[in-house]
Amino acid sequence: MKEISELELKADAGYAKDHEWAKKEGDKVRIGISDYAQDQLGDVVFVELPEIGSKLKKGDEFGTVESTKAVSELYMPVGGEVSAFNEELADSPELVNSDPYGKGWMIEIVPDDMAELNALMSKDEYLHMLKGLKE
Amino acid sequence: MKEAIGTTGLVMNEPLLWEKSRKGRCGISFSRKDVPDASVDADLAGEGPDFPDLSEVDVVRHYTRLSQWNFGVDTGMYPLGSCTMKYNPKINEKMAALPGFAEAHPMLPPDLSQGTLRLMYELERYLSEITGMDATTVQPAAGAHGELTAMLLFHAFHRKKGEKRTKILIPDTAHGTNPASASLCGYASIPVASNEKGVLDPATVADIMDEDTVGIMVTNPNTLGLFEDNIRKVCDIVHAKGGLVYCDGANLNAVMGIVKMGEIGIDAVHLNLHKTFSTPHGGGGPGAGPVCVKKALEPFLPVPRVEKKGEKYEFVWNRAESIGKIHAFYGNFGILIRAYTYILSMGKELKTASQHAVLNANYIKEKLRDVYHLPYDRPCMHECVFTDKAQEQYRITTLDIAKRLMDYGFHPPTIYFPLVVHGAIMIEPTETEPKENIDAFIAAMRAIAKEAEENPDLLKNAPVKTKVRRLDEVTAARKPCLCG
Amino acid sequence: MRYLPHTGEDTAEMLAAVGAKDLSDLFSAIPKDCRFNGELNLPEMSEWEVSSHMNGLSRQMGAGAEYKVFVGAGSYAHHIPASVQYLAGRSEFVTAYTPYQPEISQGTLQAIFEYQSLTARLLGMEVANASMYDGASALAEALLMAIRIQKVKKKTVAVSRLIHPMYRKVVQTYFSPTEYTIAELPCLPDGTTDLSPLDGLADLAAVALQSPNFFGCIENMEEAGKKAHAQDALFLTAFTEPLAYGLYKNPGSCGADIVCGEGQSMGIPQSFGGPGLGMFASLNKYVRNMPGRLIGQTTDAEGRRGFVLTLSTREQHIRRERATSNICSNQGLCATMSGMYMASLGGTGIRQLARLNFDKAEYLKEGFRKAGVKIPFSRATFNEFTAAFPEGFQSVHRRLEKEKIIAGIPLECYYPELKNHYLFCVTEIFSKADMDHLIHTIQKEVRP
């Protein structure tokens, strides 16, 4: 497993305490899981994502991500309506491991309230939280 | 240590069945066709399955080779925690194969099934005696099936009282089957944290137990191998709120003749005949999971019940409050035969079995405590739990230790369970293991601890003496190939 | 005691190492008020005493070569080859646990992978699991699975009244604490399920039929499948006698989404109803909703073929209260044994054996007809059929019992309207002479 110093965290995303990230893309928001989360899970073997059109509130479960020995629920860092999901993950779930912020993205939503993004942790705040977890 | 018992031998490769097929071969004998051909409705007729065609010798070689790739209790020590892999007596198998049992149709009239009825009747009473309960059903086919049965009994009990309770308390050390069984009854699982000693704290239970809670599912001795010493208080708290106490009896092997569950406040307990009562596990089953209950739950037990009228045994179906049936017939009867045979063979020695099981676990705990980290340093019951904390500095994990044990000729212990212990190594030697084997196991574990320090690659690459090396479980799950 | 190897010396040495003064000292962690101080009241016997006692019980059973039990109803008397019994008794299979450590469990793993594959082929499905407890609990789990699969929550399942009555009882028990309802589909005069009530059912998650059904009749599977799918319900089919698919169309080819049933007839002793084998199969797209264990093929560190337990995240030990089922132990050895049997039978053999069962059952059916016994259901059957006798057949049945012949089972206790109707089964182990004797005896009674 990675040391804190080895983790890759993006400055242009906001982070939730359950390790999802959210990033503004025009009038939409893209969501995935952090480098820390993918590293803790180990090799991702399956990702279950919601259907397009699902309306979910902040904190609602939007799917699950599985490794061979564990399964984690995914929670909405920001509420909204699902406008797209990453179809590539069905055949290549390993993208969540190799490129968690890029090709390993999970869903895209039309947010109910873009301001919810501001309530998420910044890169530094998230890093601070992770240091607390590692202790 | 001296030479390890683990070694290599001439192990054959063997293809899949259908890779050996030659059309037209057959491995079965047919009775003479002494009746005329009848006509088949062409609209309904099918093509028949695409089975491989093999001769008897093809099939015998195939499975004999496969069997040689397996490790069983008859092969060597199998200290798999929580699974009680004790010796499976051969007389049990012989009795289960008696034609009167093996060839008995389940719907035979009562006059022609007195033998099986009596066996079930007596086995129920022996199990009630061992657990100190009032009545037993032997219908559940496995431990989890017994848990579900107990939850259905609780549900029926509360329903009769006009109550609709929705939650159930489950300690964090529980088997995964407990919350899953409770879910099938629609109950929400409320986790209960164990205290720093690894057992339940009555105060924690008192805080969350209320009148909307069905009761509690405890495992005692618990999955850390510790006796729940506050069990009486916990039962009192649950009962005071109208709840019921269920005990997962997977670990009964520690306390036969020493603790009677019925006398300490438990309302229902399931037993795993394939653990405590020596029936073989068969590479995954079949098992049997009888449920023993107190009087208040007896009316709800599954039908049919076996009763004795005079000298005759009979099935009784007419029980208005019963939860119904949970198996098409009467459960895994063949497994009941084996457990019954075992109890008759052991008698009062069941207590000695428990004593030796506990002695062996404590002995291993004492002999390994200086090389492996012991998360709960207390006298244990029939199993002891270590972790990989002392080996972390060499980047060696519990998995590596387990894999290396195979090269030494032992089946690994249960690993990564219970979940509350990080990197758990759960060792259950059972009472049937001779001291020399236990000493050899201890020597192997100590040698591995030394290797972890001096040559960690030996562990990382283990096992090397097995038919196959470590397998790619990630690809197996990403691109499932479940059917050939 | 021969299973307890410690000598007095061993025990003393070990107690000293542990720091306990005697065996009871080991239990000091158990509070005094939790300890049982008496002695267990149990018999104790030597190996030969046990053996003689058990032989005595076994001899009280109406089983063995001298009994002719013309009964199926979920438990079938087929010949099991000596080779299969021998192989299934090999202790490497018998005394192993669940294959959690694949490197030393390849025997169990490959054998179950082969079982899954043969079962899928038998049922015409894409994937089969490593087994459930029995046909009845498999059906209950299949119905719950179908409800789980439905994206829009649906609460009703339609279950044919011609599914084994005991299976339906088990389904009721599993469903009793839930909010789901079971709608029962009645029976048509030809012995098949009446599908017409389906049209009026809303909120339908699944339709379940058994074929051959409890009366022995082959159901209109394709039609039922179409009707179920027209209502966005899953089509479930159950079975008690899978040998029928050696002759008749398999469920997969009739549009089944989930198939479950009892595999006892594939090489497993009847053993008074258990252990049998819950066979369970579905289409690939539903595999993540499937209960039970699955074995998958993969490769080892050196690229060699090997097998592992896989897709475990569905199961209770990982997903706990959100698991697809609570099942843990299954019927592994029975599945292994069944694989051995299916391999011995082969594609050529199963067609021949199925045909033999059919021909023999038709012979008895025809013999009954000629003897004046009514065959109430016109629909095609496999190795079981229903016969309707004149009033008073019960006493004939009892008389035959004294002759060690069980002439079917009465249907009236499950279907009150079917007075004097009996369900018969004939498999390959019955000879023409056995059947002629039965026909002759009945003929005397029916047409004196």
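Per chain, numbering begins at 1; letters A, B, ... match sequence-line order.
- The backbone N or O of B:S67 lies less than 3.5 Å from no partner atom in the side chain of C:R90, so there is not a single donor-acceptor pair.
- A donor-acceptor pair under 3.5 Å links the side-chain atoms of C:D359 to the main chain of B:A38, judged by distance alone.
- Counting only distance, with no hydrogens or angles, the side chain of B:D34 and the backbone of C:K432 share a donor-acceptor pair below 3.5 Å.
- When all heavy atoms of B:H274 and C:S329 are compared, the closest pair comes out as NE2-OG, 3.5 Å.
- Residue contact with chain C, scored on non-hydrogen atoms closer than 4.5 Å, involves the side chain of B:I264 exclusively.
- Residues B:I323 and C:S176 have side chains not in contact (no heavy-atom distance under 4.5 Å, counting atoms from C-beta outward).
- Here C:I350 is the residue among C:V127, C:I350, C:I218 with the most heavy-atom pairs under 4.5 Å with chain B.
- For the residue pair C:T298/B:D472, the side-chain donor-acceptor check at 3.5 Å is not satisfied.
- Contact of B:P463 with chain C is made through the side chain alone, with heavy-atom distances under 4.5 Å.
- Minimum heavy-atom separation, C:R121 to B:D50: NH1-O, 2.8 Å.
- Interface residue B:P52: backbone and side-chain heavy atoms are both found under 4.5 Å from chain C.
- Annotation: side chain of C:P102 is in contact with side chain of B:E473 (closest heavy-atom distance under 4.5 Å).
- A heavy-atom distance below 4.5 Å is not found between the side chains of B:S345 and C:M45.
- With respect to C:E44 and B:K348, no salt bridge is recorded, no charged nitrogen being found less than 4.0 Å from a carboxylate O.
- Between chain B and the residues C:L356, C:I327, C:I318, the largest count of heavy-atom pairs under 4.5 Å involves C:L356.
- Both the backbone and the side chain of B:F71 come within contact range of chain C, with heavy atoms under 4.5 Å apart.
- Taking each heavy atom of C:S24 and B:Q355 in turn, the nearest pair found is N-NE2, 4.5 Å.
- Paired with C:E103 under the rule side-chain hydrogen bond (donor to acceptor under 3.5 Å, both in side chains), one option of B:R470, B:K403, B:K467, B:R469 passes, and it is B:K403.
- Across C:L122, C:V308, C:V287, the residue that shares the most heavy-atom pairs under 4.5 angstrom with chain B is C:L122.
- Heavy atoms of B:D229 lying under 4.5 Å from chain C belong to its backbone as well as its side chain.
- Ranked by heavy-atom pairs under 4.5 Å with chain B, the list C:R35, C:R304, C:E428 is led by C:R304.
- In this structure, no portion of B:E147 lies under 4.5 Å from any heavy atom of chain C.
- Atom CD of C:Q101 is separated from atom OH of B:Y78 by 8.5 Å, given to the nearest 0.5 angstrom.
- Here B:P280 is the residue among B:G287, B:P280, B:S29 with the most heavy-atom pairs under 4.5 Å with chain C.
- At least one donor-acceptor pair under 3.5 Å links the side chain of C:T173 to the backbone N or O of B:K325.
- Counting heavy atoms from C-beta outward, B:F417 and C:H317 have side chains that stay 4.5 Å or more apart.
- No donor-acceptor pair closer than 3.5 Å links the side chain of C:R322 to the backbone N or O of B:A180.
- Using a distance-only test at 3.5 Å, with no hydrogens or angles considered, a donor-acceptor pair links the side chain of C:E114 to the main chain of B:L17.
- Interface remark: B:E129 contributes backbone and side-chain atoms alike to the contact with chain C (heavy atom separation under 4.5 Å).
- Here the side chain of C:Q116 pairs a donor or acceptor atom with the backbone of B:L482 at under 3.5 angstrom.
- Under the side-chain hydrogen bond (donor to acceptor under 3.5 Å, both in side chains) rule, C:S91 has a single partner from B:T75, B:D74, B:N88, which is B:D74.
- Separation of atoms CE (C:M14) and NZ (B:K435) is listed at 6.5 Å; rounding is to 0.5 Å.
- Proximity to chain C (any heavy atom under 4.5 Å) is shown, for B:Y126, by both the backbone and the side chain.
- Proximity of B:I337 to C:M54: side-chain heavy atoms (C-beta onward) are separated by under 4.5 Å at one or more points.
- Both the backbone and the side chain of B:Y63 come within contact range of chain C, each with at least one heavy atom under 4.5 Å from a heavy atom of that chain.
- Taking the side chain as every heavy atom from C-beta outward, B:M381 and C:I30 approach each other to under 4.5 Å.
- C:E321 and B:S189 make their closest contact through CB-OG, 3.9 Å (heavy atoms, listed as atom of the first residue, atom of the second, distance).
- Proximity to chain C (any heavy atom under 4.5 Å) is shown, for B:P302, by neither the backbone nor the side chain.
- Note: C:Y248 OH to B:D41 CG = 7.0 Å, rounded to the nearest 0.5 Å.
- Using a 4.5 Å heavy-atom cutoff, the side chains of B:H356 and C:Y3 are not in contact.
- Both the backbone and the side chain of B:I130 come within contact range of chain C, each with at least one heavy atom under 4.5 Å from a heavy atom of that chain.
- With B:H105 contributing its side chain and C:S75 its backbone, the two residues share a donor-acceptor pair below 3.5 Å.
- Ring geometry, B:W18 versus C:F113: the interplanar angle falls from 30° to 60°, so the pair is classed tilted.
- Interface residue B:N360: backbone and side-chain heavy atoms are both found under 4.5 Å from chain C.
- Of the listed residues (C:A29, C:A380, C:A77, C:A73), the one with the most heavy-atom contacts under 4.5 Å to chain B is C:A73.
- In this structure, the side chains of C:L23 and B:L359 come closer than 4.5 Å at one or more pairs of heavy atoms.
- With 3.5 Å as the limit, one finds a donor-acceptor pair spanning the side chains of C:T108 and B:N70.
- Contacts with chain B were tallied for C:S105, C:A323, C:G276; C:S105 has the most, counting heavy-atom pairs under 4.5 Å.
- Aromatic ring orientation, B:H145 versus C:Y174: tilted (interplanar angle from 30° to 60°).
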